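First up is the structure itself, then whatever we jot down about it.
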There are 2 protein chains.
Amino acid sequence: MNLSTKSRYGLRILLCLAKSYGTDVPLKGKAIASEQGLTEPYFEQIIIKLKAHSLVATVRGCHGGYLLNRSPETISLLEIVEIFEGPVELVKCRKGTSVCPRQSECAAQSVWHKLSRTIRTELAKVTLASIVQENENSDQPEYVI
Amino acid sequence: MNLSTKSRYGLRILLCLAKSYGTDVPLKGKAIASEQGLTEPYFEQIIIKLKAHSLVATVRGCHGGYLLNRSPETISLLEIVEIFEGPVELVKCRKGTSVCPRQSECAAQSVWHKLSRTIRTELAKVTLASIVQENENSDQPEYVI
DNA sequence: TATAAAGTATACTAAATGAATATACAATTA
DNA sequence: TAATTGTATATTCATTTAGTATACTTTATA
C-alpha cells in the first residue's frame, strides 16, 4: 500500500506547474528539478510520462520549459497515480483475462474489487486545483489526529 | 497499489475459518492449504502471523488444527491487511521520525495522508462476517461495471 | 510409550520491482 | 552555429516478494 516515489514527485511537479498555470511562461526543467531535489535525468523520466499522457506541454529551444497542458480542475490524483502505478486495483486476478478459474469460490475477490473502486473514486475527487486551493486557505494542517 | 499475495491468502484462510466459527472443530492446516492451493510451509508462514496477532487459535497434537479466535464481526480487513502490509499509509515520510524538513512546503503530503485515512476507514468497515454474509445472500456478483 | 499427526521456526533462493545514475542524442531559437 | 533545452535508453544497485526447503517441537492415541 505504498505509492512509488515517482507518483509523489509527479504530483509535486504538477503542483509547481499548476501554480503558474495561466501565465504562458514555461518552467525550466532544471529549476523544477533542483527545487524538488531531483537530478535532471530522474526528473526527466517523470515528466516524460506526464507529457506522454498530455498533462504537460513542452516548449523546446533555448527559452523552453514545461507548462501544464490542461486546467488544474481537470487533473485528478487518480489520473496522476495511474500514470505511474498502473491501474488502481488491489488485486490483479490473472491480468488481462477476465475470468479466473477460482473466481466462483472466491468471495475475497469481489471485496477487493469493490474496495479498489472506492479508492479510485476517492482519488478522482481530488484535483490539482483543489489541492492548491486548500493549501492557500490554511496554513494549518487540515486534519488532526 | 497492489496487495501482496499474503494479504489475499490471509483473508481467504480466515474466511475458511470464519465459516466454521462456532463449532469447536479445528480445521487442519493441510486441508486449508490444499484447498487454497498453497504449500504447507507457505501456508504456515501466513497463519503464523495470524496467530501472532491472535486472530486464530491453534490446537496442537494429532487432532489439532486452527480455529478463528474471535468473532467474525470483530475482524476487519484493515486489521488483516496491516498484519501483512504494515500500516496502511500511501506515503512514508521519513519513517519513524514525525517531522520532515520539507513538510512545510509539501502540499502533497497532507493529501496523501488524508487519502490514507479514507482508505483505512473503508477497510475497517468490512468484516469477515459481512463478507461471508454478502456471499451467502447473492450468487450474483455484487456490482456491475 | 512410541509414533504419527499436527504445529513452529528459520534460512535460503530466485524473480520482480523500484530508485537512481549515466550517457548519448535531437530540437530549437537567440 | 552554439548554447540551451528537451528526449531516449541502458545500466546499476538495493529492496521486497514469493516461494521452497529443512529441521524441530508438541501432543493425542493406539
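As the structure is a computational prediction, the values presented were derived from the model and not from experiment. Values reported hereafter were calculated over all heavy atoms of this structure, with side chains retained and with hydrogens, waters and symmetry mates removed. Proteins get letters first, then strands, A, B, ... in listed order; numbering begins at 1 in each.
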Side-chain-base donor-acceptor pair under 3.5 Å for A:Arg60 and C:dA26: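 When only heavy-atom distances are counted, A:Arg60 does reach the base of C:dA26 through a donor-acceptor pair under 3.5 Å.
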What integer distance in Å separates [X]:[atom1] from [N]:[atom2]?
X: A:Glu44; N: C:dA20; atom1: CD; atom2: C1'; value: 14 Å
X: B:Lys30; N: C:dA5; atom1: NZ; atom2: P; value: 7 Å
X: B:Tyr66; N: C:dA5; atom1: OH; atom2: C1'; value: 12 Å
X: B:Arg8; N: D:dT17; atom1: CZ; atom2: P; value: 13 Å
X: A:Ile48; N: C:dC25; atom1: CD1; atom2: P; value: 17 Å
X: A:Asn2; N: C:dG18; atom1: CG; atom2: P; value: 10 Å
X: A:Ile32; N: D:dT4; atom1: CD1; atom2: C1'; value: 16 Å
X: B:Leu17; N: C:dG7; atom1: CG; atom2: C1'; value: 14 Å

Proximal nucleotide (of C:dA20, C:dA30, C:dA5) relative to the A:Cys62 side chain: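 Side chain of A:Cys62 sits closest to C:dA30.
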According to a strict under-4.0 Å criterion, is [X] in side-chain N/O contact with OP1 or OP2 of [N]?
X: B:Ser4; N: D:dT16; result: no
X: A:His63; N: C:dT28; result: no
X: A:Lys51; N: D:dT7; result: yes
X: A:Lys28; N: D:dT5; result: yes
X: A:Thr5; N: C:dA20; result: yes

Candidate pair A:Val56 and A:Ile13, rule side chain to side chain contact (heavy atoms under 4.5 Å, CB included), full reasoning: CA-CA 10 Å; A:Val56 306; A:Ile13 289 167; 5.8 Å; no
Side chains of A:Arg120 and A:Glu89 in contact at under 4.5 Å (non-hydrogen atoms):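 Yes; the side chains approach each other to less than 4.5 Å.
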Position toward the 5' end of DNA chain D (nearest nucleotide), A:Val59 or B:Phe84: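 Taking each residue's closest nucleotide, the earlier one in sequence belongs to A:Val59.
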Ionic contact status for A:Lys6 with A:Glu85, cut-off 4.0 Å: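 Salt bridge between A:Glu85 and A:Lys6, a charged N being under 4.0 Å from a carboxylate O: no.
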For B:Tyr21, all residues meeting side-chain hydrogen bond (donor to acceptor under 3.5 Å, both in side chains), sequence neighbours excluded: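 Testing B:Tyr21 for side-chain hydrogen bond (donor to acceptor under 3.5 Å, both in side chains), a comparison that skips the adjacent residues, returns none.
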Residue list, side-chain hydrogen bond (donor to acceptor under 3.5 Å, both in side chains) with B:Lys125, at least two apart or on another chain: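 In terms of side-chain hydrogen bond (donor to acceptor under 3.5 Å, both in side chains), with neighbours along the sequence ignored, B:Lys125 is linked to B:Glu122.
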Verdict with supporting geometry, B:Leu15 and B:Leu128, side chain to side chain contact (heavy atoms under 4.5 Å, CB included): CA-CA 7 Å; B:Leu15 285 173; B:Leu128 289 185; 4.0 Å; yes
Derivation of the side chain to side chain contact (heavy atoms under 4.5 Å, CB included) call for B:Arg8 and A:Trp112: CA-CA 9 Å; B:Arg8 298 192 278 130; A:Trp112 297 128; 4.0 Å; yes
Contacts under 3.5 Å, N or O only, protein and nucleotides 20-22 of chain D:
from	atom 1	to	atom 2	distance (Å)
D:dT20	O4	B:Gln45	NE2	2.3

